[in-house]
Amino acid sequence: MNTRTPTTPPPGPAPTAHTTEPADTSGASSTPAPAPAPAAPAPHDTGATATAPGSNAMRDASGSNGSGGSNTLAAVDEDGGRVSAPTPIGSAAAPPSPSVDWEGLVTVALLGTERRPPQGLGAVSGREAPVALLDAAALATVRRRAGLRPARAARRPAQAPPDSRSPLPPAAARRLAQLLADRGAGGGGRRGTAPDLVELLPQWLASANARGYAAPVQSLPALLDAARGRTDLRPAALAFAGPRAIWLARLHQDWRFALRAAPTGGAALPGQADEERVRRLWQEGLFTERVAVLAALRSRDPAAARELLASTWSTERAEDRLMFLDSLRTGLGPADEPFLEEALADRSRNVRSTAAELLSALPHSALAGRMAARAGSCVALDHTARRVPTLAVEAPHECDAAMERDGVVAKAPAGRGERSWWLGQLVEAAPLSTWPDRLGGRTPEDIVALPVADDWQGELHAAWCRAAARQGDATWARALLGQPSAPEAGGPGAVSLAERAKLLTTLDGAERADWVAGFIAAHGLSEAFQLLGVCAVPWAPPLGRAVVDALNIARDAGSYPWSFSGVMGLSERCLDPSEASRLDGLLTAPDEPEDASPGAVGYWTEAFQRLVTTLRLRATMENELAGKEPTTAEN
């Protein structure tokens, strides 16, 4: 440890910056320190490679990286070599050396010196911890700057690749700049009547990508910054940015996420005819490169991708096998069954479960047949001593080795009975086509309507819901959903909002919107948010009208408006812009009901005004992307 005794600094500018000390209240006289010399500005980031603080070159130059090691600074030439003898810092002009590195100083500053006392600073400086911390930070800052070499371009980077897509219309380019400039504006509190441009950016990008436009080069930095801050924005933003985003990402550390998100780190995938390069990349590439090449090959030649995976399967790590196996969902077919059957004996339980899930999606696979036999032995018709046929359920009493091999998880989650847990997995994996033949030729609607003995109905119907979603069976989904106006919203099979949302995904867009519209008309918006999330955008006219009518009813009833803020925000993004004209009549504030929450009517009026303004802005944005110059009123 380096121990130094501070002395009075000589006249002249001090070599390091000092923080202002508090007044001395001990009565002893003190000589004020001379004004510190202004710190040299940090090198300007020109996009060329510069040595970052904390790098090996910096440690060579400063000897400590600001962490309290060797306390010398040396002048460096542009290649990092020393050109003069080291100048000791521990002279009379230098403040005490801290024994805490830069990251440690930042941690102490964030937590506070009372919660995290800086080790060693108080003892060395003889001052209170906050003052010692500031002194140490000032010294560390000078060291970090002194150790940073000026940026020097090693070589000119290769030219950015061309983008052959059509350029944006001028009005759309201006709109993009506005959306990107506003992305950090947000905040808490009431939003007022202005549209939320941050939430409109994903929709704008989706529309621009659908039209095949290329991003303006001047907008690429802001676009990449926006994608860096929002992971949900990255796929659409990187697709719009195109190949130039990868080029820029190689030159800027903050945008390296684009390289990770791009297949093979931005490199071009091998062509279909380049089998040797595909095999070499599979055997020698990074994990992300291997995932990308397997997915690309699977999309164009499922058999070749499966053979490629089988060639190295036994040598792969368990977590890698799981990711690779998931790629077989694309183009899944009967030819994949032998490979998946072998995967059922894998050492990893997660791999076995995924293989079993994929096999259960093949209705004629051997695993599907085994699961059908097991589930069928648990559920049967009971005609004894009853006027109405009833479904009798006898859940498994044990989970044997054969069941575990077929993907049944033996250990039940906390709060769940083992037998019901095993039953649900068996029914979920059994082909739905099994049940009509086994239950007297009844249709799915008739089967779902049958009473179930001994309170097993919820468990049985929930398993059928999961099976219908997994197998994409719209007939069973309709039977389990029931009529949207049914009591408890959804018929006997829909046991939860999550299950109903999954069932709705098996229906086409129009049928899905009609069902959710009927649900809202009968039950209101209190439970509709999750169901609205699976409907196609923009919402079909019946669904849009149902949502607006329900919001209007809630407003007139004096309902608590903030509980509908989620649906209102979703409406701004998903309602068809043509609904704006129909909403004009809702902008006038009604008489406030006596039992309404304070300020509720004003909040509702403000929310409807924002909704109308947002819908009209979305219509303007679509016109701009279509190449139509906006009118003065639209601007």
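In this text the structure is predicted, and so the values were computed from the model without any measurement.
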Ion pair present between Glu316 and Arg321, side-chain N to carboxylate O less than 4.0 angstrom?
no
Check ion pair Arg419-Glu459 (N to O, under 4.0 angstrom)
no
Between Phe324 and Phe287, what is the ring plane arrangement, given parallel below 30°, perpendicular above 60°, and tilted in between?
tilted
State whether the number of non-hydrogen atoms from other residues, nucleotides or ligands found under 6.0 Å of His364 atom NE2 is greater than 12.
no
Salt bridge (charged side-chain N to carboxylate O under 4.0 Å, His left out): which pairs involve residues 231-245, sequence neighbours left out?
Arg230-Asp232
Of all residues at least two apart in sequence or in a different chain, which pass the salt bridge (Lys or Arg N to Asp or Glu O under 4.0 Å) check with Glu445?
none
Please identify each residue that fulfils salt bridge (Lys or Arg N to Asp or Glu O under 4.0 Å) with Arg512, with sequence neighbours left out.
none
Taking salt bridge (Lys or Arg N to Asp or Glu O under 4.0 Å) as the definition, give me every residue that meets it alongside Glu622, ordered by chain and number, with sequence neighbours left out.
Arg211
With sequence neighbours excluded, what pairs up with Arg329 under the salt bridge (Lys or Arg N to Asp or Glu O under 4.0 Å) test?
Asp326, Glu357
For Asp446, what residues pass the side chain to side chain donor-acceptor pair (under 3.5 Å) criterion, not counting sequence neighbours?
Thr443
Hey, are Arg374 and Asp406 close enough for a salt bridge, meaning a charged N less than 4.0 Å from a carboxylate O?
yes
What one should report as the nearest heavy-atom pair of Leu308 and Trp282 is O-NE1, 3.2 Å
